[in-house]
Amino acid sequence: MLKWLHLYAKSEATYQLCNMLLPWLSMLSVLSLITGTVWGFAFVPSDYQQGDSFRIIYIHVPAAFWSMGAYLSMVIAAFIGLVWQIKTLNRVAAAIAPVGAVFTFIALVTGAVWGKPMWGAWWVWDARLTSELILLFLYLGVIALYNSFEDERTSVRIAGILAMVGVVNLPIIHFSVEWWNTLHQGASITKFAKPSIAPDMLWPLLLNILGFALFLGALTLMGLRNNILQREAHRPWVRQLVEIG
């Protein structure tokens with residue numbers, strides 16, 4: 001594992017890996033999201049309680065799931081980057097942050113759209129909603145710190161520390177519906193023994209969760225490529241690349 005990490009610690013090797021993986025991740029994410037969304041919105045039967053309004057689940061749940069998944073991935077990358085001084089992983093963390101922030105924003109907006117017909121209000125200070133909003137603020141803080149210092153080592157150190165401190169919010173988001181009396185419904189798909197959702201509704205949801213994961217990967221690679229080109233602009237291989245382009 002460490003051998004692999006040190007191999008791609010070189011910016012040029014990482015850039016080439018991004019170019020190799022990006023088309024595949026992009027294509028698979030588009031196929032998964034189109035299939036899952038069309039399946040869920042057009043072919044799945046209406047819910048017997050929520051009617052057609054439940055269909056927002058095919059956007060809301062994947063976005064909310066990967067808003068947390070992206071944050072955890074960012075923290076892992078930042079931690080390894082700081083401990084083993086691997087510059088590439090610090091840049092991976094910086095590339096994940098804006099994608100995770102967008103996913104969190106989508107989760108909050110779609111949650112409000114879903115909550116209006118269910119609760120009669122666009123927003124309530126529910127434990128799950130409030131902790132998800134805090135997650136958005138954490139992302140914005142990390143993004144701001146990554147871009148607040150000209151010295152890359154200083155910015156990744158401070159931003160990484162904030163990200164690692166903020167990871168305590170993830171279990172609060174996940175378990176809030178169990179720890180407190182909240183309006184937000186409990187887990188539906190993480191109860192693997194017996195999910196609280198019909199199979200014909202579950203499969204397109206799982207497909208969209210996969211699609212969001214692939215989309216997260218594709219956007220992260222795009223951000224990582226741009227970060228490498230920006231930070232390594234003085235390197236001969238980047239200058240040669242620009243001249244060829």
Side-chain angles (χ1 to χ4, degrees), residues 1 4-5 8 14 17-41 44 54-81 88-111 114 128 131-132 135-136 138-139 142-143 163 166-167 169-171 173-175 187-192 195-197 199-227:
M1 179 65 176
W4 185 87
L5 289 175
Y8 288 103
T14 303
L17 179 65
C18 290
N19 285 339
M20 181 180 69
L21 295 177
L22 185 56
W24 292 100
L25 287 179
S26 301
M27 178 182 65
L28 291 173
S29 67
V30 170
L31 288 174
S32 297
L33 289 172
I34 289 177
T35 305
T37 302
V38 172
W39 186 357
F41 276 79
V44 170
F54 94 97
R55 298 183 193 279
I56 198 71
I57 193 176
Y58 297 109
I59 304 298
H60 173 72
V61 171
F65 184 88
W66 286 112
S67 69
M68 294 185 289
Y71 195 91
L72 183 59
S73 301
M74 179 181 70
V75 169
I76 293 172
F79 177 78
I80 297 175
T88 299
L89 284 176
N90 290 322
R91 291 173 176 173
V92 169
I96 292 174
V99 186
V102 172
F103 279 16
T104 307
F105 180 76
I106 293 172
L108 289 168
V109 171
T110 53
W114 195 4
R128 172 66 64 83
S131 52
E132 186 76 7
L135 182 66
L136 177 60
L138 285 169
Y139 272 124
V142 169
I143 293 169
V167 78
N169 189 48
L170 296 185
I173 296 174
H174 182 72
F175 293 107
S188 296
I189 62 173
T190 54
K191 297 184 295 182
F192 294 108
S196 303
I197 182 172
D200 55 348
M201 296 178 178
L202 177 62
W203 288 111
L205 178 58
L206 293 177
L207 196 57
N208 266 14
I209 290 175
L210 173 63
F212 266 75
L214 295 169
F215 194 45
L216 169 64
L219 292 178
T220 298
L221 291 181
M222 291 174 64
L224 179 58
R225 285 197 318 178
N226 293 337
N227 190 302

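Here the structure is a predicted model, which means the values were calculated and not measured.
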What's the verdict on side-chain contact (heavy atoms from CB on, under 4.5 Å) for Trp66 and Ile209, showing C-alpha distance, side-chain angles and the deciding distance?
CA-CA 8 Å; Trp66 286 112; Ile209 290 175; 3.5 Å; yes

Smallest separation among heavy atoms of Ile143 and Ala97, with atom names
CG1-CB, 3.6 Å

Could you tell me the separation between the CG atom of Asn208 and the CD1 atom of Ile59, rounded to the nearest 0.5 Å?
5.5 Å

Gap separating the CD1 atom of Ile106 from the OG atom of Ser67, nearest 0.5 angstrom
10.0 Å

Taking everything shown except Phe215 itself, do over 12 heavy atoms lie less than 6.0 Å from its CZ?
no

Ile197 to Leu202 - nearest heavy-atom pair and separation
CG2-CD1, 3.7 Å

Summary of salt bridge (charged side-chain N to carboxylate O under 4.0 Å, His left out) pairs that have at least one residue in residues 210-221, sequence neighbours excluded:
none

Main-chain N/O of Ala107 paired with Thr110 side-chain donor or acceptor, under 3.5 Å:
yes

Would you give the length of the straight line joining atom OG of Ser32 to atom CE of Met27, rounded to the nearest 0.5 angstrom?
10.0 Å

Can you find a pair of side-chain heavy atoms, one from Trp114 and one from Ile57, that are under 4.5 Å apart?
yes

Taking the six-membered ring for Trp and the full ring for Phe, Tyr or His, determine whether the centres of Phe65 and Phe212 are under 6.0 Å apart.
no

Is there a side-chain contact between Trp203 and Trp39 (heavy atoms, below 4.5 Å)?
yes

Could you grab the distance from atom CG of Leu207 to atom OG1 of Thr35, nearest 0.5 Å is fine?
5.5 Å

Considering all heavy atoms, the nearest Gly217-Leu25 contact:
C-CD1, 3.8 Å

Is the closest side-chain heavy-atom distance between Asn227 and Val92 below 4.5 Å?
no

Can you check whether Arg128's main-chain N or O pairs, donor with acceptor, with Ser131's side chain at less than 3.5 Å?
yes

Minimum heavy-atom distance Leu205-Pro62, with the two atoms named:
CD1-CD, 3.9 Å

Which residues satisfy the salt bridge (charged side-chain N to carboxylate O under 4.0 Å, His left out) test with Arg225, sequence neighbours excluded?
none

With distance as the sole test, does Ser29 use its side chain to make a donor-acceptor pair with the main-chain N or O of Ser26 at under 3.5 Å?
yes

Heavy-atom closest pair, residues Ala163 and Tyr71:
O-OH, 2.8 Å

Once salt bridge (charged side-chain N to carboxylate O under 4.0 Å, His left out) is applied, what residue pairs with a partner in residues 58-75 remain, sequence neighbours excluded?
none

Would you please test Leu138 and Val167 for side-chain contact (heavy atoms from CB on, under 4.5 Å) and show each step?
CA-CA 9 Å; Leu138 285 169; Val167 78; over 6 Å; no

Separation between CG (Leu31) and CG (Leu210), nearest 0.5 Å, reads 10.5 Å

Let's go through Met201 and Tyr58 carefully: what are the C-alpha distance in whole Å and the side-chain angles of both, what is the deciding distance for side-chain contact (heavy atoms from CB on, under 4.5 Å) to 0.1 Å, and is it a yes or a no?
CA-CA 9 Å; Met201 296 178 178; Tyr58 297 109; 3.6 Å; yes

What heavy-atom pair brings Arg55 and Gly40 nearest, and what distance separates the two atoms?
NH1-O, 2.8 Å

Separation between CG of Leu33 and CG of Leu214, rounded to the nearest 0.5 Å
8.0 Å

